[in-house]
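Notes to accompany the following structure.
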Amino acid sequence: MSQEIILNGIRSNDTPTLGNYIGSIIPVIKLQNQYVDKYQFNLFIPDILSFTTPINHQDLYLNTVQNLKYYVAAGIDINYDNIFIYRQSYIPALSELAVIFCNFTGFGEMSRMTQFKDKSLGKEKESISVGLFTYPILMAADILLYGASYIPVGEDQKQHLEFTRDIAMRINNRFNTDLLKVPHEWQDQVKFAGHQSGLRIKSLKNPDKKMSKSNFKDDPNGTILLIDEPDEAYKKVMTATTDSIGVINYNPVNQPGITNLMNILANLVDEPIEKVITIWQGQKNYSKFKTAVADEVRIFLENYQKALNNIDESDLMRKIESSEYLLRDVATQKLYKIQQIIGLRP
Ligand code: ATP
Ligand code: MG
């Protein structure tokens, strides 16, 4: 286990969306296809982070295993020994590390996290969990416990990644050690995942807002779930909010709806955004453009859902359990070293 680590997680609070697929799953699959011999892959479900906002706990256990299937359906090959697939809560050292990190984190620092501000906006203080507030600390522990170098996440997680680097450097400096491996900085992460800038797929109905699985109930037509009926998803694209400018342009500020559809198209057909721009820029027929995107979304979902239904659950379960068995050991040893430097152990 001396290879550099690529780490990626998707919470199991709800069913993943096309935003999760494009921002998180596609990069992991491409990296696997390119680098499986060179890197270790840690793919996991942050199940403890899945109820920082209220959920139905009856579904949590099954959703956690279910959400791991989304990686496999996309093309993760569970037969590779250096691919680990696991559940956050099955590695107990993680929680202790997060509690330790809490004491090296500033209250002001957490208060500045935009995800916390967005997710707590308009809510009564008493109904906002402290877990939502400390979310970035648990995420930092997820990364630093294993010493992951690359974390291909969507642009919404940029600030949390920066916090992870900060807390790693802070603890290393404070104790004059290099025990915590500092992950690469944001721009290098983006480049490594094959992009020029971070990805943020927007709601089809409110293209100023991120497409999020937890927003599905409020914005069903703006959110494409990976389990949507392909024909339903087709309709969502056809009725996506655009603009009255009437000419196709890649312009996130003035034409966020059209720009979002261009990003979706480029990612689904695996072409650089420049190519999509060359083909569509200047055209006036929005309906023809939407049809091209809607077709790709429908084809993608049909194939993806077939793959999802073909996953052998017992093979996957065996993989999960063996990954957890091996990682528990690595994690416990790393935690012990951290306990030693901060004086909890001799
Ligand atoms: P929630 O609303 O519950 O936070 P989410 O859709 O943001 O759901 P997460 O589980 O928080 O999903 O995030 C999983 C991964 O998907 C992260 O890497 C995140 O950056 C990425 N991701 C989520 N939404 C998008 C999006 N709209 N565009 C690109 N990447 C995204
Ligand atoms: Mg999120």
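Along the sequence shown, the residues carry numbers beginning at 1. Numbering of ligands and ligand atoms starts at 1, following listing order.
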N/O separation below 3.5 Å, Lys202 to ligand 1: no

Distance flag, aromatic centroids of Phe133 and Phe107, threshold under 6.0 Å: yes

Ligand 1 to Ser214 polar contact by distance, N or O atoms, under 3.5 Å: yes

is_close_aromatic(Phe192, Tyr39), centroid dist under 6.0 Å: yes

Check: Pro152 N/O within less than 3.5 Å of ligand 1 N/O: no

Under 4.0 Å to a heavy atom of Arg200 - the qualifying atoms of ligand 1, by number: 28 (N), 29 (C)

Ring centroid separation Tyr304 to Tyr21 under 6.0 Å: yes

Ring centre gap for Phe84 and Tyr146 strictly below 6.0 Å: no

Check: Gly9 N/O within less than 3.5 Å of ligand 1 N/O: no

Sub-3.5 Å N/O-N/O distance, Lys119 and ligand 1: yes

Atoms in ligand 1 flagged as close to Ser212, the criterion being non-hydrogen separation under 4.0 Å: 2 (O), 6 (O)

Geometric N/O contact Ile201 with ligand 1, under 3.5 angstrom: yes

